[in-house]
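Starting from 1, each residue takes its place in the sequence as its number.
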Amino acid sequence: MGGGAGRRGLSGPRRAQEADAAAAPAVPARRADRVRSPHPARGGARDDRRRPRRQALDSASLRRPPAMFRRLKADIDAILERDPAARSRWEVVTCYPGFHAIVLHRLAHACWNAGWKWLGRWISHWNRWLTGIEIHPGARIGERVFIDHGMGVVIGETAEVGDGCTIYHGVTLGGTSLYKGAKRHPTLGCNVIVGAGAKVLGGFAVGDGAKIGSNAVVTKPVPAGATAVGNPARIIVADTDEKREAAAAKMGFSAYGVTQNDDPLSQALRGLIDNAAGHEHQIALLWQAIEKLACAQRGDCVPSDAAKTEHFEAERLNQLVGK
């Protein structure tokens, strides 16, 4: 019985080994089945759903040009829209230093933001040598910005230029502070026009759609839609007349930041002319009323030299002031 008990005691491990041996080949089979037919809750159906989406994204990305080329196309179209002298995209790409300056600045700005400060300054230096336009690599330039002619343009480190701005030659976006890390240069909103030779100095904002006249020196904020002219610049609030707004919309923008009512002296003279014309009209009405009353009572008593009709040529004087 002891031997039988020993054989019965050895039969347990043998049965376990036989069971393990029988179960060992079944493990890879289960793994293979798991790979062949994944459970939908564990990602199998999810992979199937992802495939058509990836194919759709790939096809959409192939049809759409990269962002860099879309931005270049927008810059070229903006120049064709605002410069009547531009005849073709090829002419803009090859013959416009303002376009070259913008492209090189984007490369310098990318290096500056990546921490390669010296490389950004070096590209900016060559940009100035090639185009005559100096843009610090730290400046932020929006899309569809047109630097016309461009010679002598200086844009400082903390300056910001919004989308659709137009900058003419000799413009300086400079600073009046020497503190490092501070906002020293101006911020131009969208669709701002800066005339030739204008100086915008300081860390203030120029509102959207504002115009800065040629050779103006601006040292204070300019409201949106307003015009700044003179040295020091005087702020002229935008005219709200509907006809002028419609005419401005048809023109698209005013070249060199000059409009008909920019000069404050001309505006003052036009106001005096209109005032004098109104006075003459009122005087003529008074003489006509006196004449009627006099004729009804005792005959003609109005002086022969009374101005009963208007002779003030306000339109002609306004034309002379506008020239």
Side-chain angles (χ1 to χ4, degrees), residues 65-175 180 184-188 190-201 206 212 214-218 253 255-257:
M68 179 182 68
F69 294 104
R70 293 199 305 271
R71 180 177 293 182
L72 290 176
K73 183 179 181 299
D75 294 336
I76 295 172
D77 292 341
I79 295 175
L80 290 172
E81 178 184 351
R82 299 178 212 169
D83 189 2
R87 296 177 178 83
S88 64
R89 288 186 173 89
W90 176 248
E91 182 179 356
V92 171
V93 171
T94 56
C95 303
Y96 274 70
F99 175 75
H100 304 156
I102 293 295
V103 173
L104 290 176
H105 167 72
R106 286 180 180 150
L107 178 60
H109 185 65
C111 295
W112 182 270
N113 291 336
W116 302 336
K117 307 295 185 182
W118 178 88
L119 182 58
R121 291 300 301 268
W122 187 77
I123 297 174
S124 175
H125 175 74
W126 279 101
N127 187 9
R128 176 190 178 189
W129 186 80
L130 292 172
T131 64
I133 301 171
E134 182 176 353
I135 308 177
H136 193 280
R140 298 180 180 180
I141 309 296
E143 297 183 4
R144 303 184 311 279
V145 174
F146 178 28
I147 302 178
D148 198 4
H149 304 295
M151 181 61 69
V153 170
V154 178
I155 301 177
E157 176 185 3
T158 60
E160 300 179 26
V161 180
D163 297 340
C165 289
T166 303
I167 301 175
Y168 288 90
H169 52 280
V171 169
T172 299
L173 303 182
K180 292 185 178 180
R184 308 188 308 274
H185 304 90
T187 296
L188 305 185
C190 298
N191 303 316
V192 174
I193 300 173
V194 186
K199 316 299 178 186
V200 187
L201 308 175
V206 178
I212 298 176
S214 299
N215 296 317
V217 179
V218 184
F253 74 104
Y256 293 92

- Message: Please check: side-chain N/O of His105 versus main-chain N/O of Gly138, any donor-acceptor pairing under 3.5 Å?
- Response: no
- Note on the structure: Tightest non-hydrogen contact, residues Gly98 and Ile133, listed as CA-CD1, 3.9 Å
- Under 3.5 Å, side chain of Asn191 to main-chain N/O of Cys165, donor-acceptor pair present? no
- Query: Of Asp83, Thr131, Asp148, which is the lone residue that meets side chain to side chain donor-acceptor pair (under 3.5 Å) with Tyr96?
  - Reply: Asp83
- Message: Any side-chain to backbone donor/acceptor pair from Thr172 onto Lys199? Under 3.5 Å, distance only.
- Response: no
- Any idea which heavy atoms bring Val171 and Gly195 closest together, and the distance? CG2-O, 3.2 Å
- Item | Side-chain heavy-atom pair Glu157, Lys180 within 4.5 angstrom cut-off | no
- Note on the structure: CD1 (Ile79) and CD1 (Ile102) are apart, to the nearest 0.5 Å, by 8.5 Å
- Item | Donor-acceptor under 3.5 Å (Asp163 side chain, Glu143 main chain) | yes
- Task: State whether the side chain of His136 and the backbone N or O of Ala159 hold a donor-acceptor pair below 3.5 Å, judged by distance alone.
- Result: no
- Item | Residue pair Arg106, Leu72: steps toward the side chain to side chain contact (heavy atoms under 4.5 Å, CB included) verdict | CA-CA 11 Å; Arg106 286 180 180 150; Leu72 290 176; 4.2 Å; yes
- Assess whether side chain to side chain contact (heavy atoms under 4.5 Å, CB included) is satisfied between Ile193 and Tyr168, documenting all intermediate values. CA-CA 8 Å; Ile193 300 173; Tyr168 288 90; 4.2 Å; yes
- Task: Give the ring-plane orientation class for Trp118 versus Trp122, where under 30° counts as parallel, over 60° as perpendicular and anything between as tilted.
- Result: parallel
- Query: What's the spacing between Leu119 CG and Ser124 OG if we round to 0.5 Å?
  - Reply: 11.0 Å
- Task: May I ask you to decide whether Asp77 forms a salt bridge with Lys73, counting only side-chain N to carboxylate O separations under 4.0 Å?
- Result: yes
- Rounded to the nearest 0.5 Å, what separation is found between the CZ atom of Arg89 and the OG1 atom of Thr94? 13.5 Å
- Message: Whether the side chain of His185 engages the backbone of Gly174 through a donor-acceptor N/O pair (distance < 3.5 Å, no angle test) should be reported.
- Response: no
- Message: Using 0.5 Å steps for rounding, measure from the CD1 atom of Ile167 to the CD1 atom of Ile141.
- Response: 6.5 Å
- Output for pair (Leu173 CG, Leu188 CG), nearest 0.5 Å, gives 5.0 Å
- Determine, step by step, whether Leu104 and Trp126 satisfy the side chain to side chain contact (heavy atoms under 4.5 Å, CB included) criterion, reporting the C-alpha distance in whole Å, the side-chain angles of both residues, the deciding distance to 0.1 Å, and the verdict. CA-CA 9 Å; Leu104 290 176; Trp126 279 101; over 6 Å; no
- Message: Nearest 0.5 Å, please: how far is OG1 in Thr166 from CZ in Arg144?
- Response: 10.5 Å
- Which atom of Asn127 lies closest to which atom of Ala101, heavy atoms considered: ND2-O, 3.2 Å
- Message: Could you report the tightest heavy-atom contact between Gly170 and Val153, atom names first, then the distance?
- Response: N-CG2, 4.0 Å
- Apply side chain to side chain contact (heavy atoms under 4.5 Å, CB included) to Ile135 and Ile147, showing your working. CA-CA 11 Å; Ile135 308 177; Ile147 302 178; 4.2 Å; yes
